[in-house]
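Everything on this sheet refers to the single structure shown next.
Chain identifiers are assigned alphabetically (A, B, ...) following the order of the sequence lines, protein sequences preceding nucleic acid strands; residue numbering begins at 1 within each chain.
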2 protein chains.
Amino acid sequence: MARKTKTSSDRPTLVDVAREAGVSAITVSRTIRSPGIVSDKARRKVEEAIRRLGYTPDPAASALASRSTSTIGLLVPSLTNNVFSDVLRGVYEGVQGTRYFVQIGNYRYSALEEEGLIRNFLSQRPAGLIVSSMDQTPTGRRLLETAPCPVVQIMEIAEGAVDMSVGFDQLAAVRAGAQHLQECGYRRPGFLSARMDPRAQRRLAAFREFAEGAGMLDDRRIITTPQPSSVGMGGHLLEQLLSQAPDTDAVMCNNDDLAVGALMEALRRHIAVPGQLGICSYNDIEMARHMVPALTAVATPRREIGSRAIAMLLAEIDNPGSVTERRVDLGFEMMIRESTSRR
Amino acid sequence: MARKTKTSSDRPTLVDVAREAGVSAITVSRTIRSPGIVSDKARRKVEEAIRRLGYTPDPAASALASRSTSTIGLLVPSLTNNVFSDVLRGVYEGVQGTRYFVQIGNYRYSALEEEGLIRNFLSQRPAGLIVSSMDQTPTGRRLLETAPCPVVQIMEIAEGAVDMSVGFDQLAAVRAGAQHLQECGYRRPGFLSARMDPRAQRRLAAFREFAEGAGMLDDRRIITTPQPSSVGMGGHLLEQLLSQAPDTDAVMCNNDDLAVGALMEALRRHIAVPGQLGICSYNDIEMARHMVPALTAVATPRREIGSRAIAMLLAEIDNPGSVTERRVDLGFEMMIRESTSRR
DNA sequence: AGACAAAATGATTGCGCTGTCATTTCCTGT
DNA sequence: ACAGGAAATGACAGCGCAATCATTTTGTCT
């Protein structure tokens, strides 16, 4: 025996709206989901009834019946990292006004946690998934490959993406920075990096390779730490670099926080930038170009990655197979400023 | 006539697990939700069956049947603002390992958009809601008041919170900063602020009031812009301030981006900080204390606000009415550093 | 050992919506 | 005016789980 009494606190359902409008429930459902296939007359009646009753659809019921939700999962390795807050912004701009909404999962640079989050997201039957790396666990990767929804991998362009991908060549970007230092006449460049996730490792490898090829490699000048990146850490790392290799004449920093920190440390030590020490940053968040001296940086298209990823995802959700360019290279740009111009 | 054939691609359901374990469906449900009330024997059988089948509960079905979800809605006015990324971090730390997950809504400093998001979140039957302001539209406020779930308002301590609140006295914090400038001997302080949302307005009002009381008020020194805050904007605002009132001897900045920008602009113009110009920042994100000179700042407990808010919310969800301290003042702290020490 | 309470388990029903397919209504051209 | 087809609408069942309440099992006390 169930409660028959529909208390007034219960919110109205589709059926209530249907009764009010004098149509069937399914017509109400269609008016909401695909107004195009409902006659103008019926549509007006239904819309009026919805307004009168203050009806809002129940997403849970819809998800259960249709076996899919309006959720788009976004997996990021960090929430504090400025890189991802820019990506996030691009993504949010892209879902504005659509019926989808974004749910963020933070796997804190742990592939295992990422795997758990993938599993968790998939159990919710998401409309699509955006993941921020190519470095899943084997299981995580398999989950993505067999996911019943479109998947976009972002940040990098590399072989073997699961399906769609948007990013740029991170290794070429680092090389461009290093080459710029060389072209500016620096001959003893160092490399500063925190939080050695796989991507940071690869960038370091790219730097070493370039430096080696240019005859500028010196392992004493490669300073890394597993700890998170921060402005303070940039100062520490430069300090360590200069104590190990005082004749270092430039640094390539693995992100802007480190570069700003290094610049401040140089200021503190009265080391002239760019005269005695060149600094090249990576990512180019807004702050970088307002430093004194303004920081030269490899600018990465973070926000564009976010907005492009969501655009591809939405297109593919609406119309599976319609996205022809499934691998998008957004490139990068060298922003040459004062911190490396010593001529 | 419905599909009777259960294709192998269908994921297993509660009933499948029950059959496999030789118990009833509801026992499986209980094993998952409240293992305490199930016998050890049954629990083991069920857990084993779940593992064998690789069962994952369907959140949509659960939400529909139980009329509530595991979603916690978090409304923030901005995603790029460092303030909220710290709050976010606190919140995410707090939900780690619980069965809840956070969904973010960005209302971009628009109370109207906020209202829409409140409505949207509520339609999902969330387990709880965290909102970042006290400045809802009347309708938005009513929605929160009648929400069928706990609500925490964060960032401010003020009369008339809807229910629970966590924050600090933003006005006292600004006054403390202004007073500090006065105590350092500055007599012609200015005020820099971007993105004039209601909270920024109130802080400006608090500054004016204090300055007036101290006989230091000069409206030429109050520089604001409706545009978003950024490091670059800090530079512009200082430029404008100095052209309007060249004898200004200190600035109170409404956040760290502006303060860093102002500092850089001062450097560029060879204005000695703190000698010729004192700078006091607001919020104190990590970068502030690593500037040269290190920035004096009013430190706000952003991350603590996030973790405390989620803790209160979870406690209230588990056990309605159990949170006795429904209004928490986390205070603030003056971080006195080089940018104001001119003695 | 028997009585009783407490703990554990189960059968049934419905949450609110959408997929499927059948039926009705509308429109077009001759 | 009427056939034929397209467009619009509706009836019905079921998505997977949890609330309810009834029933069975277990434990405890005298």
**Asked** Whole Å only: how far is the CG atom of A:L14 from the P atom of D:dC15?
**Response** 19 Å
**Asked** Under 4.5 Å between any side-chain heavy atoms of A:E325 and A:R308, yes or no?
**Response** yes
**Message:** Of the options D:dA11, C:dC15, D:dC15, whose atoms approach the side-chain atoms of B:L64 most closely?
**Reply:** C:dC15
**Item:** Closest non-hydrogen atom pair between A:G105 and A:F121, with its separation
**Value:** N-CZ, 3.8 Å
What pairs of donor and acceptor atoms, side-chain ones from residues 32-39 of chain B against any protein atom, are under 3.5 angstrom apart with sequence neighbours left out?
| from | atom 1 | to | atom 2 | distance (Å) |
| --- | --- | --- | --- | --- |
| B:R33 | NE | B:S29 | OG | 3.2 |
| B:R33 | NH2 | B:S29 | OG | 3.2 |
| B:S39 | OG | B:A42 | N | 3.3 |

**Verdict with reasoning, B:V17 to B:T31, per side-chain contact (heavy atoms from CB on, under 4.5 Å)** = CA-CA 11 Å; B:V17 175; B:T31 320; over 6 Å; no
**Prompt:** Please, which pairs that meet salt bridge (Lys or Arg N to Asp or Glu O under 4.0 Å) have at least one residue in residues 124-133 of chain B, sequence neighbours excluded?
**Reply:** A:D58-B:R125
**Request:** Answer yes when B:R51 and B:E48 have at least one side-chain N-carboxylate O distance shorter than 4.0 Å, and no when they do not.
**Result:** yes
**Message:** It should be established whether B:T27 places a side-chain nitrogen or oxygen under 4.0 Å from OP1 or OP2 of nucleotide C:dT9.
**Reply:** no
**Request:** Under 4.0 Å from any atom of DNA chain D, heavy atoms only: list the residues of residues 51-59 of chain B that qualify, in numerical order.
**Result:** B:Y55, B:P57, B:D58
**Side-chain N,O (B:S66) to OP1/OP2 (D:dA18) below 4.0 Å** = no
**Length of the line joining B:D16:CG and D:dC15:P, which is rounded to integer Å** = 11 Å
**Complete:** All heavy atoms of B:L53 vs all of B:P12, minimum pair found to be O-CG, 3.5 Å
**Item:** Contact residues, residues 28-35 of chain A to DNA chain C [heavy atom, < 4.0 Å]
**Value:** A:S29, A:R33
**Near-strand residues of residues 39-49 of chain B, defined as heavy-atom separation under 4.0 angstrom from DNA chain D** = none
**Protein-nucleotide distance (B:R125, atom CZ; C:dC15, atom P), rounded to Å** = 11 Å
**Asked** So does A:E159 pair up with A:R327, basic N to acidic O under 4.0 Å?
**Response** yes
**Request:** Kindly point out which of C:dG10, C:dG16, C:dT18 is positioned nearest to the side chain of A:A61?
**Result:** C:dG16
**Complete:** A:I37 CD1 to D:dA6 P, in whole Å, measures 16 Å
**Prompt:** OP1 or OP2 of C:dG10 less than 4.0 angstrom from a side-chain nitrogen or oxygen of B:S24, does that happen here?
**Reply:** yes
**Fill in**
Sequence neighbours excluded, the answer for side chain to side chain contact (heavy atoms under 4.5 Å, CB included) partners of A:R119 is A:E115, A:T139, A:L143
**Message:** Could you check whether any side-chain N or O of B:T98 sits under 3.5 Å from a backbone N or O of B:G94, counting only pairs where one atom can act as donor and the other as acceptor?
**Reply:** no
**Prompt:** Is the backbone of A:S132 close enough, under 3.5 Å, to the side chain of A:Q153 for a donor and an acceptor to pair up by distance?
**Reply:** no
**Complete:** From the candidates D:dT9, C:dA11, C:dG19, the one with an atom nearest any side-chain atom of B:I26 is C:dA11
**N or O in side chain of A:R67 less than 4.0 angstrom from C:dG19 OP1/OP2** = no
